[in-house]
K.L.:
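I am attaching a structure below and will ask some questions about it afterwards.
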Amino acid sequence: MNIKFRLILMNFMQFFIWGAWLLTVGAYWFQNKGWSGAQFGAIFSTMGISSIFMPALAGIISDRWIHAEKLYGTLHIIGSVVLFCVPLVTSPTVFFWVILLNMLCYMPTLSLSIKVAYSALKEQGKDVVKVYPPIRVWGTVGFIAALLVVDATKSETSANQFYIASGVALALGLFSFTLPKCPPLLGKGGTKTLKDALGLNAFELFKTPKFAIFFAFSLLLGAALQLTNAYGTTYILDFAKNPSYKGSFAVEHSGAVISISQVSETLFILAIPFFLRKFGIKNVMLFSMLAWVLRFGLFAFGDPVNGLWMIILSCIVYGMAFDFFNISGSLFVETQTTPEIRGSAQGLFMMMVNGFGAFFGSIASGFIIDKFFIHADGSKDWHGIWLTFAGYALVIAIIFPFVFRYKHNKALEEAIKHV
């Protein structure tokens, strides 16, 4: 089995696990268990909580002590056991802690998978800027495939979704031990400082202006991602309360409409090498921020009937908004850091996007909506909400090119030339 196919299979299963339950856990919660909405709100905070420290911690461990592919496989095996136990839970409080434990295992595997893939490709003498995006696209295919499997087996409201995810997690965990070796490199040169011993070198990146600014914008865009994840589907379903839109295709098939976003991801991932070559990594990141403006702005003026095209276009734009910063950001980290700290540096990137970004985005957006965008009858002013979010993304896009003064390093510049 050649290395590209093995990495494709790794990415496919990586995101299949998530797709099998992430978007349907709400249906399981409300229709199967009948627990309260307030308690369910805490479930989605587990991603942010676990991402604040686990990706960075796993990166440190893989840089200093344990082979990345072995740590990656071990976390998926533990996560498989946890997912298998989810249907046994009979209390919403215990459910929160079990899902949190699963996310503590899952979230660090996102950055570890990147480290394993980059290491394996470089060992084969391949150009990661050119080769990795077409491999990563299979992760999105895996996510979509999981949604289709759950739908085909009618598992949206049943415990089967967790059993499906558990089985694939176990398979991926075992498969990971067959991946090319990705050994820890930090400390191999004989350094003995406490900082080296603890693997904290990656945090030194915050002292470098370009990295401090990069991580700050990673946090801000992580908040934008949380906004669309938290409110996208609810926004469409709320149109059902208006007699003019009740029964429309978008309302009746909101999941199908939102899934356009995942399909868009696959296309824009494949387009990343072209955009990097044509515009450079800084402009590609800027395009992501402008895409977030369009994502929110189109939602503000869309509706399920005459404005359905705007909702669909917003879902298409999402692919650029999500991929262009997340994938390009990981490539930026890869080409701007030394091999000894790349695992922990990728962990820091994930921590800022999916950890602090997701956490603060969730907290801040909830406060702002409750304070300013709730009508007297309890309904939400979605037009005002999305315009506010669009304004937030626009401010980020305006500031970014002036404060992020990045120049290509030779490694990335030469790689892009050969894309």
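Everything numeric in this text was worked out from a predicted model, so none of it was measured.
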K.L.:
Can you tell me how far apart CG (L100) and SG (C105) are? Round to the nearest 0.5 Å.
P.N.:
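Nearest 0.5 Å value for the CG-SG distance: 9.5 Å.
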K.L.:
Would you call the rings of F324 and F268 parallel, tilted or perpendicular, taking 30° and 60° as the class edges?
P.N.:
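Geometry flag for F268 against F324: perpendicular rings.
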K.L.:
Report yes if the distance between the aromatic ring centroids of F349 and F215 is under 6.0 Å, otherwise no.
P.N.:
no
K.L.:
Do Q14 and Y72 have side-chain N/O donor and acceptor atoms under 3.5 Å apart?
P.N.:
yes
K.L.:
Using only atom types and a distance under 3.5 Å, with no angle test, would you say the side chain of K4 pairs donor to acceptor with the backbone of I135?
P.N.:
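Checked: no pair found.
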K.L.:
List the atom of F177, the atom of K70, and the distance in Å for their closest heavy-atom pair.
P.N.:
CZ-O, 3.7 Å
K.L.:
Among L394, V395, I396, find the one that has a side-chain contact (heavy atoms from CB on, under 4.5 Å) with I398.
P.N.:
L394
K.L.:
Looking only at non-hydrogen atoms, find the nearest pair between S288 and F325 and report the distance.
P.N.:
OG-CB, 3.4 Å
K.L.:
Answer yes if the ring centres of H383 and F301 are under 6.0 angstrom apart, and no otherwise.
P.N.:
yes
K.L.:
Considering all heavy atoms of both residues, which atom of S314 and which atom of R295 are nearest to each other, and what is their separation?
P.N.:
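What the structure gives for the nearest pair is OG-O, 2.8 Å.
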K.L.:
Does some side-chain heavy atom of L221 sit less than 4.5 Å from a side-chain heavy atom of M285?
P.N.:
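Side-chain contact under 4.5 Å: no.
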K.L.:
Can you name the nearest heavy-atom pair linking F239 to G302, along with the distance?
P.N.:
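Nearest heavy atoms, F239 then G302: CZ-O, 3.7 Å.
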K.L.:
Can the ring centroids of F16 and F143 be said to lie less than 6.0 angstrom from one another?
P.N.:
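No; F143 has its ring centre 6.0 Å or more from that of F16.
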K.L.:
Can you confirm whether F322 sits close enough to S264 that some side-chain heavy atom of one is under 4.5 Å from a side-chain heavy atom of the other?
P.N.:
no
K.L.:
For F217 and F404, I'd like to know if the aromatic rings sit close, meaning centre-to-centre distance below 6.0 Å.
P.N.:
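No, ring centres 6.0 Å or more apart.
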K.L.:
Would you check, one step at a time, whether the test side-chain contact (heavy atoms from CB on, under 4.5 Å) holds for L83 with V98?
P.N.:
CA-CA 8 Å; L83 284 169; V98 172; over 6 Å; no
K.L.:
Going from CD1 on I77 to CG on L174, what distance comes out if it is rounded to the nearest 0.5 angstrom?
P.N.:
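If we round to the nearest 0.5 Å, I77:CD1 and L174:CG are 4.5 Å apart.
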K.L.:
Take F373 and W386, measure what side-chain contact (heavy atoms from CB on, under 4.5 Å) needs, and give me the verdict at the end.
P.N.:
CA-CA 10 Å; F373 297 106; W386 292 123; over 6 Å; no
K.L.:
Within this structure, what is the CG-OG1 distance for the pair L71 and T109, rounded to the nearest 0.5 Å?
P.N.:
9.5 Å
K.L.:
Look up atom CE in M320 and atom CG in L267, then write down how far apart they are to the nearest 0.5 Å.
P.N.:
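Those atoms lie 11.5 Å apart.
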K.L.:
From F275 CZ over to S328 OG, what is the distance, rounded to the nearest 0.5 angstrom?
P.N.:
10.5 Å
K.L.:
Between the side chain of R6 and the main-chain N/O of T178, is any donor-acceptor distance below 3.5 Å?
P.N.:
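Yes.
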K.L.:
State, with a plain yes or no, whether a side-chain heavy atom of P180 is found less than 4.5 Å away from one of Q124.
P.N.:
no
K.L.:
Taking it one step at a time, do F15 and T140 satisfy side-chain contact (heavy atoms from CB on, under 4.5 Å)?
P.N.:
CA-CA 7 Å; F15 288 92; T140 304; over 6 Å; no
K.L.:
To the nearest 0.5 Å, how far apart are CH2 in W382 and CG in D303?
P.N.:
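Taking CH2 in W382 and CG in D303, the distance rounds to 15.0 Å.
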K.L.:
Quick check: do L331 and L276 have side-chain heavy atoms less than 4.5 Å from each other?
P.N.:
yes
K.L.:
Go through it in stages, so that I can follow the logic: the residues are F214 and F332, the test is ring pair (Phe, Tyr, Trp, His ring centres under 6.0 Å), and I'd like the CA-CA distance, side-chain angles, deciding distance and then a yes or no.
P.N.:
CA-CA 9 Å; F214 170 73; F332 173 77; 4.7 Å; yes
K.L.:
Do other residues, nucleotides or ligands put more than 12 heavy atoms under 6.0 Å from the CZ atom of F84?
P.N.:
no
K.L.:
For a quick test of reading the model, state the closest non-hydrogen atom pair linking K181 to S119 and the distance between them.
P.N.:
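Heavy-atom minimum between the residues: O-OG, 4.3 Å.
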K.L.:
Go through it in stages, so that I can follow the logic: the residues are Y163 and S155, the test is side chain to side chain donor-acceptor pair (under 3.5 Å), and I'd like the CA-CA distance, side-chain angles, deciding distance and then a yes or no.
P.N.:
CA-CA 10 Å; Y163 294 136; S155 301; over 6 Å; no
K.L.:
Just so I know, are the side chains of V353 and L219 near enough to count as touching, which here means a heavy-atom distance under 4.5 Å?
P.N.:
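A side-chain contact under 4.5 Å is absent here.
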K.L.:
Would you indicate whether the side-chain heavy atoms of M10 and S176 approach each other to under 4.5 Å?
P.N.:
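Side-chain contact under 4.5 Å: no.
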K.L.:
Taking all atoms of both residues into account, what is the closest heavy-atom pair of F400 and L286, and its distance?
P.N.:
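Minimum heavy-atom separation between F400 and L286: CE2-N, 4.1 Å.
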K.L.:
Side chains of Y106 and S50: any donor to acceptor distance under 3.5 Å?
P.N.:
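No pair is found: no donor N or O on one side chain lies under 3.5 Å from an acceptor on the other.
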K.L.:
Is there side-chain contact between L7 and L121, with heavy atoms separated by less than 4.5 Å?
P.N.:
yes
K.L.:
Do S158 side-chain atoms and N160 backbone N/O form a donor-acceptor pair below 3.5 Å?
P.N.:
yes
K.L.:
I'd like to check W21 versus N102 (side-chain heavy atoms, cut-off strictly below 4.5 Å). Are they in contact?
P.N.:
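They are in contact (side-chain heavy atoms under 4.5 Å apart), so the answer is yes.
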K.L.:
Classify the ring geometry between F389 and F296 as parallel (under 30°), tilted (30 to 60°) or perpendicular (over 60°).
P.N.:
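It falls in the perpendicular class, over 60°.
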K.L.:
Could you walk me through whether D323 and I272 satisfy the side-chain contact (heavy atoms from CB on, under 4.5 Å) test, starting with their C-alpha distance in whole Å, then the side-chain angles of each, then the deciding distance to 0.1 Å, before giving a yes or no?
P.N.:
CA-CA 8 Å; D323 290 331; I272 285 176; 4.2 Å; yes
